Amino acid sequence: MRRNPIVELSSLGQSVWLDFLQRGTIRSGQLARWIDDDGVRGVTTNPTIFEHAILGAESHDYDDAIHVLASRGSTAAEIYEALTVRDVQLAADAFRPTYEALDGRDGFVSLEVSPRLAHDTDGTVAQGSHLWQLVDRPNVMIKVPATPAGLGAITRLLARGINVNVTLLFGLTRYEQVVGAFVAGLEARRDEGGTLERLASVASFFLSRIDTLVDAQVDTLVDAQVDASRSQQLRARRGGTAVALAKLAYQRYHHAIACERFAALARAGARPQRLLWASTSAKDPSFSDVKYVEALIGPDTVTTLPRATLDAWRDHGAAAPTLERGVAEARRVVQELHAGGVDLMAASQRLEGDGVAAFERSYDKLLHGLEERRLAVPRRAS
């Protein structure tokens with residue numbers, strides 16, 4: 001009998017988190033089945049996920065709760081917070097046995113600060129602290145974007161003992177800055193006498209979005225090339241950027257945890273900040289639907305899978321330790337893209353801005369939809 005490929009990822013040291021959450025999947029027992037049958041060890045959320053869950057045409061999971069909150073006079077923003085916090089609490093409770101069995105090494109559910117705060121360090125720290133207290137679960141992570149303003153917030157939240165999921169990572173330079181912010185946060189907490197045990201963080205590296213942008217640039221450069229050999233070299237790198245960068249980021253992860261600065265923190269009880277692979281659904285139909293899963297399997301990492309990718313991997317995934325294979329080739333990919341005229345630094349900056357903007361659109365659309373529903377509900381008499 002064929003083993004479940006999702007479970008096999010765990011045997012290779014990689015945690016599987018679901019890149020999806022909706023109240024109906026919790027109430028129906030589907031989330032519990034993913035945990036029990038597939039070995040799923042966490043959930044990540046964002047404004048787009050909640051927009052689809054709450055406003056989806058076929059979703060009525062939140063109707064009663066919206067009605068009750070609106071009748072009490074809650075604003076759209078207050079309704080959004082109440083709904084998302086409750087979903088995260090329910091999911092965190094479902095993963096609490098995993099969290100305890102693994103001594104706090106896994107079983108996390110992530111909740112993102114407002115994307116409107118992506119360029120506001122103080123605002124991110126304030127809202128992140130507020131959400132942490134409101135959810136009141138040890139196995140929750142507060143998601144903070146890896147913007148320049150987010151870096152300072154990451155340090156300050158970790159110093160307060162708050163688990164952090166760093167989101168919207170697209171480049172190696174920013175990843176190194178995130179690692180620095182993580183270490184600085186742990187050092188601040190240690191120096192203030194706080195415990196480092198069970199303080200957790202992940203750095204979420206987004207994949208398919210990288211290839212979508214870079215491949216478009218490659219196509220343009222190929223069309224403009226007069227050098228046939230250079231054109232062929234560039235064309236061969238199509239679809240390879242994200243995996244190459246992820247493999248190189250993992251090498252930098254190893255370097256970071258081997259240095260004396262982190263070793264001193266580890267002696268005080270600190271755990272490494274794991275790399276997390278996000279945006280793992282292939283956008284290009286010519287790619288395998290499990291492309292970003294099969295190429296990046298390795299110890300002490302997390303892969304986040306939307307439902308379709310989870311089902312695809314269960315159906316035809318083949319688990320093998322691939323993350324540290326082809327590192328030299330990954331370096332060549334980056335070098336050849338640079339030689340061909342692709343500016344990966346500029347691409348990462350654009351993707352960061354686009355990612356924040358996309359989450360802002362989802363957040364605004366969700367608040368607008370909740371406002372419409374709120375206004376349709378009669379208020380209770382005071």
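Everything numeric in this text was worked out from a predicted model, so none of it was measured.
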Enquirer: So, do E352 and T147 sit near enough that their side-chain heavy atoms are less than 4.5 Å apart?
Expert: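 Sidechains of T147 and E352: in contact.
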Enquirer: So, R86 and Q89: side-chain donor and acceptor under 3.5 Å apart, yes or no?
Expert: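 Yes - a donor-acceptor pair under 3.5 Å links their side chains.
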Enquirer: Holding to salt bridge (charged side-chain N to carboxylate O under 4.0 Å, His left out), I want the full list of residues that pass it with D211, two or more places apart in sequence or in another chain.
Expert: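 Counting only residues at least two positions away or on another chain, D211 forms no salt bridge (charged side-chain N to carboxylate O under 4.0 Å, His left out).
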Enquirer: If you measure only the distance, is there a donor-acceptor pair under 3.5 Å linking the side chains of K283 and T212?
Expert: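 No, T212 and K283 have no side-chain donor paired with an acceptor closer than 3.5 Å.
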Enquirer: Strictly by ring-ring contact (aromatic ring centres under 6.0 Å, His included), give each pair with a member in residues 192-223 just once, sequence neighbours left out.
Expert: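 Found F170-F206.
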Enquirer: Under a 3.5 Å threshold, yes or no: a donor from one side chain and an acceptor from the other, between D63 and H60?
Expert: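 Side chains of D63 and H60: pair found under 3.5 Å.
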Enquirer: How about H255 and Q251: does a side-chain donor come under 3.5 Å of a side-chain acceptor?
Expert: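 Their side chains do not contain a donor-acceptor pair, so the 3.5 Å distance test is not met.
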Enquirer: List, by chain and then residue number, the residues other than L276 in its hydrophobic cluster (Ile/Leu/Val/Met/Phe/Trp/Tyr, side-chain heavy atoms under 4.5 Å); write none if there are no others.
Expert: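 Members other than L276 - counting any ILVMFWY side chain reachable under 4.5 Å - are W17, Y99, F108, M141, V202, V302.
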Enquirer: For residues S74 and R374, is any side-chain donor paired with an opposing acceptor at under 3.5 Å?
Expert: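 Not at all, the side chains of S74 and R374 share no donor-acceptor pair under 3.5 Å.
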Enquirer: Can you confirm whether the side chains of N165 and S201 place a donor and an acceptor under 3.5 Å from each other?
Expert: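 S201 and N165 do not have a side-chain donor-acceptor pair below 3.5 Å.
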Enquirer: How about N4 and D38: does a side-chain donor come under 3.5 Å of a side-chain acceptor?
Expert: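 A pair is found: one side chain offers a donor N or O, the other an acceptor, under 3.5 Å apart.
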Enquirer: Is it the case that H316 and D289 place a side-chain donor and acceptor less than 3.5 Å from each other?
Expert: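 Judged by distance alone, the side chains do pair up.
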Enquirer: Any donor-acceptor pair under 3.5 Å linking the side-chain atoms of S279 with those of S208?
Expert: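 Looking only at side-chain atoms, S279 and S208 do form a donor-acceptor pair, the distance falling under 3.5 Å.
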Enquirer: I'd like to know whether R238 forms a side chain to side chain contact (heavy atoms under 4.5 Å, CB included) with D219, so could you lay out the CA-CA distance, the side-chain angles of the two residues, the decisive distance to 0.1 Å, and finally the verdict.
Expert: CA-CA 8 Å; R238 232 184 152 274; D219 291 343; 2.9 Å; yes
Enquirer: Would you say the side-chain atoms of E81 and H130 include a donor-acceptor pair closer than 3.5 Å?
Expert: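 Yes, side-chain donor-acceptor contact under 3.5 Å.
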Enquirer: Quick one about R235 and Q232 (side-chain donor to acceptor, distance below 3.5 Å, no hydrogens or angles considered), yes or no?
Expert: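 Checked: Q232/R235 side chains show no N/O donor-acceptor pair below 3.5 Å.
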Enquirer: Locate the shortest heavy-atom distance separating Q14 from I297; write the atom from each residue and the value.
Expert: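 Smallest heavy-atom distance, with atoms named: NE2-CA, 3.7 Å.
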Enquirer: Would you kindly say whether S15 and D106 are connected by a side-chain donor-acceptor distance under 3.5 Å?
Expert: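 Side-chain D/A pair, S15 to D106: present.
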Enquirer: Between H254 and Y250, how do the two ring planes meet: parallel, tilted or perpendicular, split at 30° and 60°?
Expert: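 If you compare the ring of H254 with that of Y250, the planes turn out perpendicular.
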Enquirer: State plainly whether the residues R271 and D103 are in salt-bridge range, i.e. N to O under 4.0 Å.
Expert: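 Answer for the salt bridge query: yes.
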